[in-house]
Amino acid sequence: MADPRTNPRSRLRELGNLLPGYAIRAAATLRIPDAIADGVTETADIARRIHGTEAPTRALLHYLAGLGVLAATDTDQFELTDIGRLLCSDDAESLRAVYDLEQGRARAEVFWRLPDSIRTGQAAYPEIHGRTFWEDLAADRELGSTWAAMFAQHAEPLGHDLATVYDWSERHQVADLGGGKGVIMAALLEAHPHLRGTILDLEGMSVMAREFLGERNLVGRTDVTTGSFFDPLPDADVYLLSWILHDWPDDKSVDILANCASAARNNTRILVVEQLFEADAVTRGLASMYLLMLMLYGGRERSREEFDQLGEVAGLVRVGEYALSNGFVALEYALDDRS
Ligand SMILES: C[S@@+](CC[C@H](N)C(=O)[O-])C[C@H]1O[C@@H](n2cnc3c(N)ncnc32)[C@H](O)[C@@H]1O
């Protein structure tokens with residue numbers, strides 16, 4: 001018999017199966033892992049707790065056990081696996097809010113609109129929900145803090161790299177635009193005691209940044225400003241845009257860069273931290289990020305040349321490049337004195 005892993009028909013059916021993703025979303029939405037964490041482990045009790053019907057609840061629980069999200073201890077008793085625990089609301093690394101189909105308008109629906117996004121190059125999210133992904137995050141504290149935690153995890157190594165590879169000795173004031181909860185800022189300020197910082201981000205994130213910087217005893221050296229990088233920027237000699245431009249289409253990315261250029265003086269630097277969409281191994285992993293950015297925000301991943309072109313339109317020229325962890329680079333731009 002043909003090996004199902006190499007049989008193209010079986011492989012396609014496996015790749016095209018939506019049920020695993022939606023079963024996980026159903027579990028998160030119905031808070032099944034929370035119920036089990038609270039000691040409600042038998043099918044009938046779980047069904048009562050989630051206001052479910054018993055027989056379909058049993059089927060879902062067994063399906064989740066087959067996925068490795070739960071473990072079946074005997075025919076009608078279930079416990080959490082390490083994967084299932086990540087779907088509990090109070091887990092330190094909880095992803096529950098990301099998969100909750102009823103909360104903060106989870107992003108699942110955007111996938112149905114991928115063909116449209118491919119045709120138009122536009123985001124699906126605001127079309128579906130009537131407001132942007134960032135507005136939704138700002139309006140939903142649990143969702144906002146789940147995403148902030150994911151951004152923080154990604155930012156942790158970048159902060160340490162940036163503190164090390166870039167020469168901060170002649171720099172004084174760094175503004176992290178869309179700086180999230182402040183992980184990169186904390187790494188820079190802790191490594192370079194002469195630096196002061198400003199974090200500019202939207203309402204929900206700036207509340208989290210104030211809390212986080214307070215825990216790191218950095219409040220005195222950092223201004224946290226609630227606002228938008230499309231509005232006039234605070235004064236700084238370095239503007240940091242880490243994982244920002246890939247959230248935006250070209251015209252908006254130029255607006256952000258041009259805004260930095262308007263605030264810049266001759267010695268100001270703009271650091272763009274991104275992965276480069278180029279023909280190597282990293283690129284293959286980046287294709288999924290590209291599609292996600294497209295569906296959520298109309299954003300995209302870009303090559304070095306594409307960033308340089310955006311910079312050029314905004315009146316900036318690349319003056320440096322620094323390799324960071326996980327395939328990220330910091331592209332350093334300055335005012336183009338020819339423009
Ligand atoms: C992908 S996260 C990157 C966070 C952080 N810079 C990092 O490297 O992990 C994008 C950030 O941009 C912020 N953001 C989105 N729109 C914004 C706007 N108009 N003005 C300021 N920040 C914005 C979001 O709240 C979020 O914190």
Side-chain angles (χ1 to χ4, degrees), residues 98 104 107 123 125-126 131-163 166 174-189 197-213 222-234 236 238-249 251-260 263 270-275 286 288-290 292-302 322 324-331:
V98 172
R107 55 193 180 147
Y125 194 97
R131 58 181 182 177
T132 67
F133 179 82
W134 299 117
E135 286 166 334
D136 265 352
L137 280 203
D140 184 328
R141 198 175 157 82
E142 190 191 355
L143 193 70
S145 62
T146 302
W147 279 83
M150 290 195 291
F151 298 146
Q153 225 169 23
H154 135 92
E156 195 82 47
L158 297 180
H160 292 291
D161 293 348
L162 270 178
Y166 191 70
V174 48
D176 193 354
L177 309 180
K181 63 187 258 190
V183 169
I184 293 183
M185 183 61 76
L188 297 181
L189 297 190
T198 304
I199 293 181
L200 175 79
D201 209 306
L202 304 174
E203 176 77 40
M205 288 288 174
S206 56
V207 170
M208 285 182 260
R210 280 188 199 101
E211 276 169 21
F212 178 74
L213 293 165
T222 331
D223 296 319
V224 178
T225 304
T226 302
S228 169
F229 39 53
F230 292 106
D231 295 330
L233 298 177
V238 176
Y239 291 102
L240 179 60
L241 291 165
S242 168
W243 235 23
I244 298 299
L245 297 185
H246 82 153
D247 298 340
W248 298 93
D251 56 344
K252 295 285 184 197
S253 296
V254 168
D255 288 347
I256 296 168
L257 290 169
N259 215 9
C260 294
I270 294 100
L271 292 178
V272 172
V273 174
E274 295 282 352
Q275 284 171 290
L286 258 193
S288 69
M289 183 63 84
Y290 189 128
L292 201 55
M293 296 303 100
L294 172 67
M295 293 184 287
L296 289 176
Y297 326 111
R300 50 169 306 194
E301 302 298 327
R302 298 180 176 90
Y322 306 85
L324 311 174
S325 304
N326 304 327
F328 278 81
V329 294
L331 302 175

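We count ligands from 1, going down the list as the structure has it; atoms in each ligand are counted the same way. The figures that follow rest on heavy atoms only: side chains count, while hydrogens, waters and symmetry mates do not.
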Give me the nearest non-hydrogen protein atom to [atom] as residue plus atom name, then the distance to 0.1 Å.
atom: atom 11 (C) of ligand 1; result: Gly178 O, 3.6 Å
atom: atom 22 (N) of ligand 1; result: Phe229 CE2, 3.3 Å
atom: atom 8 (O) of ligand 1; result: Ser242 OG, 2.6 Å
atom: atom 9 (O) of ligand 1; result: His154 CD2, 3.2 Å
atom: atom 19 (N) of ligand 1; result: Ser228 OG, 3.1 Å
atom: atom 12 (O) of ligand 1; result: Ile244 CD1, 3.5 Å
atom: atom 1 (C) of ligand 1; result: Trp243 O, 3.4 Å
atom: atom 25 (O) of ligand 1; result: Asp201 OD1, 2.6 Å

Test side-chain contact (heavy atoms from CB on, under 4.5 Å) applied to Ile256 and Ile270, Val272, Leu241, the passing residue = Leu241

Could I get the full list of salt bridge (Lys or Arg N to Asp or Glu O under 4.0 Å) partners for Glu211, not counting sequence neighbours?
-> Arg141

Numbering as shown, the atoms of ligand 1 that approach [X] to under 4.0 Å (heavy-atom distance):
X: Asp247; result: 1 (C), 10 (C)
X: Ala155; result: 9 (O)
X: Gly227; result: 20 (N), 21 (C)
X: Gly180; result: 27 (O)

Counting heavy atoms under 4.0 Å, the part of Phe151 that contacts ligand 1 is both

Should the proximity of Leu137 to ligand 1, defined as any heavy atom under 4.0 Å, be assigned to the side chain, the backbone, both, or neither?
->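 Under 4.0 Å from ligand 1, Leu137 contributes no heavy atoms.
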
Are side-chain heavy atoms of [X] and [Y] found at a separation under 4.5 Å?
X: Asp255; Y: Trp248; answer: no
X: Cys260; Y: Leu177; answer: yes
X: Pro234; Y: Asp223; answer: no
X: Trp134; Y: Asp247; answer: yes
X: His246; Y: Glu301; answer: yes

Compute the minimum heavy-atom distance from Gly204 to ligand 1 and say whether it is under 4.0 Å.
-> no

For Trp248 and ligand 1, answer yes if some heavy atom of the residue is under 4.0 Å from a ligand atom, otherwise no.
->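 True for this residue.
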
Do any nitrogen or oxygen atoms of Phe230 lie less than 3.5 angstrom from nitrogen or oxygen atoms of ligand 1?
-> no

Taking all non-hydrogen atoms of both residues into account, name the closest pair between Ala163 and Ala187 and its distance.
->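 Distance-wise, the nearest heavy atoms are CB-O, 4.0 Å.
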
Evaluation steps, side-chain contact (heavy atoms from CB on, under 4.5 Å), between Leu213 and Leu189 | CA-CA 10 Å; Leu213 293 165; Leu189 297 190; 5.6 Å; no

Give the C-alpha distance, both sets of side-chain angles, the deciding distance and a yes or no for side-chain contact (heavy atoms from CB on, under 4.5 Å) between Asp161 and Phe328.
-> CA-CA 10 Å; Asp161 293 348; Phe328 278 81; over 6 Å; no

Can you check whether Phe229's main-chain N or O pairs, donor with acceptor, with Asn259's side chain at less than 3.5 Å?
-> yes

